[in-house]
Amino acid sequence: MIEFQDLEVRLGGRAVLDGANGSLPTGVTALLGRNGAGKTTLIRSLSGLVRLHAGTVRVDGVDPFVSHSALTAYRRSLGFMPQDPPFVGSARVLDVVRYAAWLRGLTKSTEHASAMTALSDVDLGDHLRARVRTLSGGQRRRVALACALVGEPRFLLLDEPTAGLDPDQRDHFLDRVRGLAPDRTVLVSTHLMEDVLAVADHIAVLDGGRIVRSVPVAEVLAGTGEGPATAMRELRRSLLGDVSA
């Protein structure tokens with residue numbers, strides 16, 4: 001479990017996170033909120049890529065930022081997918097994912113097989129030797145997904161992971177996340193209510209730099225029983241109010 005308390009992050013003199021409190025239990029938590037609500041900043045803060053001005057993070061009760069060794073161990077157990085991955089255009093797809101495996105601390109003997117599995121999971125097995133600059137936008141997103149999934153980490157922080165994927169690719173990826181979720185902690189930032197219904201166990205709504213709602217999906221949907229379209233409308237009405245996902 002990942003827990004955070006009183007997180008404060010200021011960017012450009014503005015409080016993007018302003019006393020954010022919450023917890024991410026085992027399973028998939030969907031992070032919703034209007035554009036600019038701080039979803040990306042929260043994910044980057046939990047990954048250690050953004051400096052906290054205040055607040056604490058606990059991973060299974062331990063502060064991962066308390067020491068270099070603790071942070072290294074945490075990052076090896078963490079799969080992170082940024083919204084705009086900074087790939088080197090001349091790099092080959094397999095090498096990119098193998099590098100992600102190396103960063104996660106996988107051994108030389110397992111790097112290649114783990115990278116191949118991750119690329120197969122995102123349907124890029126036939127693009128191993130392709131250079132990143134030759135890929136479409138959706139394909140580059142799938143390379144980023146493979147980097148996050150390589151080695152099957154215990155914690156996954158995914159920032160808009162299905163953006164740019166076609167419906168079949170999105171369904172395949174969400175099925176993969178769903179399969180990993182029973183014994184992992186997964187946070188997925190998304191604008192798509194279909195993603196929420198397909199994969200999420202819990203929902204957290206971020207507004208004004210704080211988590212303003214945090215509920216199980218089943219609790220929200222209890223009693224609807226009229227199909228996915230009605231369920232999505234109920235999610236928007238009950239959870240989002242005037243906060244656009």
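Everything numeric in this text was worked out from a predicted model, so none of it was measured.
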Do [X] and [Y] belong together in a cluster built from hydrophobic side chains that touch within less than 4.5 Å?
| X | Y | result |
| --- | --- | --- |
| Phe155 | Leu71 | yes |
| Met1 | Leu42 | no |
| Val62 | Leu7 | no |
| Leu124 | Leu128 | yes |
| Val16 | Leu49 | yes |

Of all heavy-atom pairs between [X] and [Y], which one has the smallest distance, and what is that distance?
| X | Y | result |
| --- | --- | --- |
| Val28 | Val199 | CB-O, 3.3 Å |
| Phe65 | Leu46 | CZ-O, 4.0 Å |
| Pro85 | Arg141 | CD-NH1, 4.1 Å |
| Leu17 | Gly38 | CD2-O, 3.9 Å |
| Ala91 | Val96 | CB-CG2, 3.7 Å |
| Val57 | Pro64 | O-CD, 3.5 Å |

Please check this pair: side chain of [X] against backbone of [Y], looking for a donor-acceptor N/O pair closer than 3.5 Å.
| X | Y | answer |
| --- | --- | --- |
| Arg104 | Val150 | yes |
| Asp207 | Val212 | no |
| Thr72 | His68 | yes |

Would you call [X] and [Y] a salt bridge, using N to O less than 4.0 angstrom?
| X | Y | result |
| --- | --- | --- |
| Glu152 | Arg184 | yes |
| Lys39 | Asp159 | no |
| Glu111 | Arg98 | yes |

Quick one: [atom1] on [X] to [atom2] on [Y], what's the gap to the nearest 0.5 Å?
| X | Y | atom1 | atom2 | value |
| --- | --- | --- | --- | --- |
| Leu78 | Leu156 | CG | CG | 7.5 Å |
| Arg51 | Arg44 | CZ | CZ | 14.0 Å |
| Leu145 | Thr162 | CG | OG1 | 8.5 Å |
| Leu94 | His112 | CG | NE2 | 6.0 Å |
| Arg92 | Arg133 | CZ | CZ | 9.0 Å |
| Ser136 | His127 | OG | NE2 | 7.5 Å |

[X] side chain near [Y] side chain, heavy-atom distance below 4.5 Å:
| X | Y | answer |
| --- | --- | --- |
| Arg129 | Val93 | no |
| Val9 | Leu11 | yes |
| Ser189 | Ile43 | yes |
| Leu32 | Leu206 | no |
| Val186 | Thr29 | no |
| Met81 | Cys147 | no |
| Thr190 | Leu31 | no |
| Leu52 | Phe4 | no |

Practice task
Output the rest of the hydrophobic cluster of Leu106: all Ile, Leu, Val, Met, Phe, Trp and Tyr residues reachable through side-chain heavy-atom contacts under 4.5 Å, sorted by chain and number.
Solution key: none
Exercise for the section: Run through the side-chain heavy atoms of Ile, Leu, Val, Met, Phe, Trp and Tyr, join any pair under 4.5 Å, and report what else lands in Trp102's cluster. Expected result: Tyr99, Leu103
Fill in the blank from the handout: Given the options Asp195, Asp171, Asp201, Arg178 meets salt bridge (Lys or Arg N to Asp or Glu O under 4.0 Å) only with Asp201
Exercise for the section: Please step through salt bridge (charged side-chain N to carboxylate O under 4.0 Å, His left out) for the pair Arg154 and Asp60, ending with a clear verdict. Expected result: CA-CA 11 Å; Arg154 289 183 57 215; Asp60 294 336; 2.6 Å; yes
Exercise for the section: Decide yes or no on side-chain hydrogen bond (donor to acceptor under 3.5 Å, both in side chains) for Ser120 and Thr117, but give the supporting numbers first. Expected result: CA-CA 5 Å; Ser120 176; Thr117 297; over 6 Å; no
Exercise for the section: Name all residues meeting the side chain to side chain contact (heavy atoms under 4.5 Å, CB included) criterion together with Asp168; count only those two or more places apart in sequence or in a different chain, and write none if there are none. Expected result: Asp166
